[in-house]
Undergrad: 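My structure is below; once you've seen it, I'll send some questions.
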Protein chains: 2
Amino acid sequence: MEARRDVFQAIADPTRREIINILAHRSMNLNSVAENFDISRPAVSKHIKILNECGLVVIHKKGRERYCQANPASLIEVWEWANQYRAFWKEKLDALELLLKEEYKENIEKK
Amino acid sequence: MEARRDVFQAIADPTRREIINILAHRSMNLNSVAENFDISRPAVSKHIKILNECGLVVIHKKGRERYCQANPASLIEVWEWANQYRAFWKEKLDALELLLKEEYKENIEKK
DNA sequence: ACAATTAGTAACTATTCAGTTACAAATATA
DNA sequence: TATATTTGTAACTGAATAGTTACTAATTGT
């Protein structure tokens, strides 16, 4: 379980996306995170390790506990990647929408 | 090479992201796509099959050739997922920026 | 008709991945 | 001090992944 480690690979797993969702607005220790899933605690621990290694989750040690929280900054990379295509697809969809509206209008006029 | 097939898993692979990039603005047949990579043509064919199965690439048959193009609509899912956290990270980063500015100001005043 | 081009797929391999259980280390509590 | 809690990690398993080569099918060009 070692090799490529980037944000895109990290968010490919649905469990990890769910962990990000849970940790997005509040800090939580590892056991509490694990309670939300059917998989074992070590499995969740590994997921959090991966998320931490690519910066998606930050960890604050407090005694024997480790409080985890989603790190907003690292999500920018994903947003920016998707967003670069946004202008492009928006243009296409706007054209489609316009087309559908025209067709709708024509149908109304026929009546 | 079969099972989960969703947009997030599809874009996890760097080769597939590069294929999307290449096919974002122009249509291209499979061999032409393959020329951009060091891997074999069948390997590229499989990547495109995966991209097609989750809607990220559309294929138009024309004789023996198959013209491939990135499909903007399916990328929205990724954009929306990342964007839901945007307000959150923006808030955090603005706070950080403000903090740095304050520190900078203080340093200026000390001189 | 024959040769060349374009592409899909089968069969195989090596690596990575997500999960498990078992154990050890550190900290907190009785 | 003894015990319970929180966590990380090692060792293992089975499935998925990304790649390969070899082959076939369909279409195009000579």
Side-chain angles (χ1 to χ4, degrees), chain A residues 1-23 26-71 78, chain B residues 1-23 26-71 78:
Chain A
M1 201 191 258
E2 302 190 34
R4 221 186 330 135
R5 191 111 313 163
D6 63 88
V7 181
F8 289 95
Q9 192 252 344
I11 64 168
D13 187 279
T15 302
R16 287 197 287 268
R17 287 202 300 282
E18 185 57 29
I19 291 173
I20 290 171
N21 185 43
I22 289 168
L23 297 176
R26 58 209 184 94
S27 195
M28 206 181 278
N29 74 8
L30 202 135
N31 274 350
S32 302
V33 176
E35 279 170 16
N36 292 278
F37 299 92
D38 288 337
I39 58 176
S40 69
R41 183 195 49 77
V44 173
S45 178
K46 282 178 189 174
H47 281 307
I48 286 179
K49 191 185 180 188
I50 289 168
L51 290 168
N52 177 248
E53 278 171 4
C54 70
L56 283 166
V57 158
V58 288
I59 299 169
H60 302 283
K61 279 187 156 186
K62 196 179 177 186
R64 67 188 158 182
E65 290 170 277
R66 299 178 72 204
Y67 284 90
C68 310
Q69 189 162 28
N71 178 29
V78 179
Chain B
M1 200 189 258
E2 302 191 37
R4 222 189 324 138
R5 191 112 312 165
D6 63 89
V7 181
F8 289 95
Q9 190 254 343
I11 64 169
D13 186 278
T15 302
R16 286 198 287 268
R17 287 202 300 282
E18 185 57 29
I19 290 174
I20 291 171
N21 185 42
I22 290 169
L23 297 177
R26 57 208 186 92
S27 195
M28 204 181 280
N29 73 9
L30 202 135
N31 274 351
S32 301
V33 176
E35 277 170 18
N36 293 278
F37 300 92
D38 288 336
I39 58 176
S40 69
R41 183 193 52 76
V44 172
S45 177
K46 282 178 190 173
H47 282 307
I48 287 179
K49 191 185 181 188
I50 289 168
L51 290 168
N52 176 246
E53 278 171 5
C54 69
L56 283 166
V57 160
V58 287
I59 299 169
H60 301 282
K61 279 189 156 187
K62 196 179 177 184
R64 67 186 160 189
E65 291 171 277
R66 298 178 71 203
Y67 284 90
C68 311
Q69 189 161 27
N71 178 29
V78 178

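Letters A, B, ... mirror the listed sequences (proteins, then strands); counts begin at 1.
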Undergrad: Apply ring pair (Phe, Tyr, Trp, His ring centres under 6.0 Å) to A/F8 and list each qualifying residue two or more places apart in sequence or on a separate chain.
TA: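 Listed in chain order: A/W81.
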
Undergrad: Using only side-chain N and O atoms of B/S40, determine if any of them is under 4.0 Å from OP1 or OP2 of D/dG19.
TA: no

Undergrad: Can you confirm whether the side chains of A/Q69 and A/Y67 place a donor and an acceptor under 3.5 Å from each other?
TA: no

Undergrad: Polar pairs (N or O, both sides) under 3.5 Å between protein and nucleotides 10-12 of chain D?
TA:
{"from": "D/dA11", "atom 1": "N6", "to": "A/K46", "atom 2": "NZ", "distance (Å)": "3.2"}

Undergrad: State which of C/dT9, C/dA18, C/dT21 makes the closest approach to the side chain of B/K49.
TA: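 Closest of the options to the side chain of B/K49: C/dT9.
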
Undergrad: Which sits closer to the 5' end of DNA chain C, A/K62 or A/T15, going by the nucleotide each is nearest to?
TA: A/T15

Undergrad: Go through the structure and list residues passing side-chain hydrogen bond (donor to acceptor under 3.5 Å, both in side chains) with A/E53, not counting sequence neighbours.
TA: A/R5

Undergrad: Identify, with sequence neighbours excluded, every residue that meets side-chain contact (heavy atoms from CB on, under 4.5 Å) alongside B/L23.
TA: B/I19, B/M28, B/V33, B/V57, B/C68, B/A70

Undergrad: I want to check one thing: is the phosphate of C/dC17, taken as OP1 and OP2, less than 4.0 Å away from some side-chain N or O of A/H47?
TA: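 For A/H47, the contact criterion (side-chain N or O under 4.0 Å from OP1 or OP2 of C/dC17) is not met.
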
Undergrad: Would you please name every residue forming a side-chain contact (heavy atoms from CB on, under 4.5 Å) with B/N31, sequence neighbours left out?
TA: B/N29, B/R41

Undergrad: As a test of reading the structure: which of D/dA18, D/dT17, C/dC17 is closest to the side chain of A/Q9, going by heavy atoms?
TA: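 Nucleotide nearest to A/Q9's side chain: C/dC17.
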
Undergrad: Please report the shortest heavy-atom distance between A/I50 and A/A10, naming the atom on each side.
TA: CG2-CB, 4.3 Å

Undergrad: Using the test side-chain hydrogen bond (donor to acceptor under 3.5 Å, both in side chains), find all partners of B/S40 that sit at least two apart in sequence or belong to another chain.
TA: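 B/S40 satisfies side-chain hydrogen bond (donor to acceptor under 3.5 Å, both in side chains) with no other residue.
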
Undergrad: Using whole Å, what does the distance between atom C1' of nucleotide C/dT21 and atom CD1 of A/I39 come to?
TA: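 My rounded result for the distance is 15 Å.
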
Undergrad: Holding to side-chain contact (heavy atoms from CB on, under 4.5 Å), I want the full list of residues that pass it with A/N52, two or more places apart in sequence or in another chain.
TA: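 With neighbours one apart ignored, the set is A/I59.
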
Undergrad: Polar atoms only, N or O, under 3.5 Å: list the protein pairs with nucleotides 1-6 of chain C and their distances.
TA:
{"from": "C/dT5", "atom 1": "O2", "to": "B/R64", "atom 2": "NH1", "distance (Å)": "2.9"}

Undergrad: In this structure, how many angstroms lie between the C1' atom of D/dG19 and the CG atom of B/D38, rounded?
TA: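 The distance from CG of B/D38 to C1' of D/dG19 comes to 13 Å, rounded to the nearest Å.
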
